[in-house]
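Fair warning: this is a prediction, and the values are worked out from it, not measured in the lab. Computed from heavy atoms alone, side chains included, the values below leave out hydrogens, waters and symmetry copies.
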Amino acid sequence: MKTSNDCLNNNYLEYVKSISPKTKQKRSLFHAFWVGGVICSIGQSFRYLLEYGVGLTGDELSSYVSMIMIFLGALLTGLGVYDRIGKYAGGGSIVPITGFANSVVSPAMEFKTEGYIYGTAAKMFVVAGPIIVFGIASSVLVGLIYFIGFRIF
């Protein structure tokens, strides 16, 4: 049995569907896929360059590649290029490590008029803060499970 709320909900959903812009999902997915792939390929190129050109290995190699990619993401955000990449690629630009750098730098630039402390420093981690907290908390939890697991077995 339908109630008046069900009819209102259905009417509202039909209205929203009629005025919502139509997305070109296949094209959006393609853009996200190839842009994300290009970003990852750039990172892999830096890895090969540092590994075979400079002779870095292991954790040192991974750290340098991560630092370079974070720097490039922050630099491109500061120049306004990464926002254009994000509009074109959507989710393909936020998945790699450069997207994380973008999520830290964007709020800092947006609120820089409020000053260095209350604007830039405080707002810098608005988006990235919960991610950092969750990453640290989950790594501590996994470390404890790993530590306890070795003590028991």
Side-chain angles (χ1 to χ4, degrees), residues 1-49 59 61-149 152:
M1 181 170 153
K2 282 192 172 185
T3 64
S4 61
N5 279 342
D6 290 337
C7 291
L8 287 174
N9 285 341
N10 288 336
N11 289 340
Y12 177 74
L13 291 174
E14 288 175 22
Y15 171 72
V16 169
K17 186 177 180 181
S18 69
I19 64 168
S20 295
K22 306 294 182 227
T23 61
K24 297 175 179 146
Q25 188 176 9
K26 289 181 183 179
R27 185 168 58 169
S28 297
L29 289 172
F30 176 73
H31 290 312
F33 180 77
W34 83 261
V35 170
V38 166
I39 292 171
C40 292
S41 296
I42 291 169
Q44 192 66 36
S45 298
F46 280 117
R47 180 180 172 86
Y48 288 146
L49 178 70
D59 290 340
L61 173 64
S62 300
S63 298
Y64 276 106
V65 171
S66 296
M67 285 188 290
I68 290 170
M69 294 304 289
I70 289 169
F71 172 77
L72 288 176
L75 178 68
L76 291 177
T77 299
L79 296 174
V81 175
Y82 208 87
D83 293 335
R84 283 185 254 146
I85 294 171
K87 285 179 185 173
Y88 177 77
S93 66
I94 63 171
V95 174
I97 195 167
T98 53
F100 182 74
N102 174 270
S103 70
V104 172
V105 174
S106 291
M109 289 181 55
E110 183 178 343
F111 293 101
K112 69 182 174 186
T113 57
E114 294 181 23
Y116 287 117
I117 302 299
Y118 292 115
T120 304
K123 300 292 184 177
M124 188 180 298
F125 295 105
V126 168
V127 175
I131 297 168
I132 293 169
V133 169
F134 179 76
I136 291 170
S138 61
S139 65
V140 167
L141 180 65
V142 168
L144 286 173
I145 292 171
Y146 189 71
F147 179 74
I148 292 169
I152 293 174

List the atom pairs, with distances to 0.1 Å, where a side-chain N or O of residues 32-44 and a protein N or O form a donor-acceptor pair under 3.5 Å, not counting sequence neighbours.
residue, atom, partner, partner atom, Å
S41, OG, G37, O, 2.8

Kindly list each side-chain donor-acceptor pair under 3.5 angstrom involving residues 68-79, sequence neighbours excluded, with atom names and distances?
residue, atom, partner, partner atom, Å
T77, OG1, G73, O, 2.7
T77, OG1, N102, ND2, 2.8

Could you go through residues 80-87 and list every donor-acceptor pair under 3.5 Å that involves a side-chain atom there, pairing it with any protein atom two or more places apart or in another chain?
residue, atom, partner, partner atom, Å
Y82, OH, S93, O, 2.4
Y82, OH, T98, OG1, 2.8
Y82, OH, G99, N, 3.3

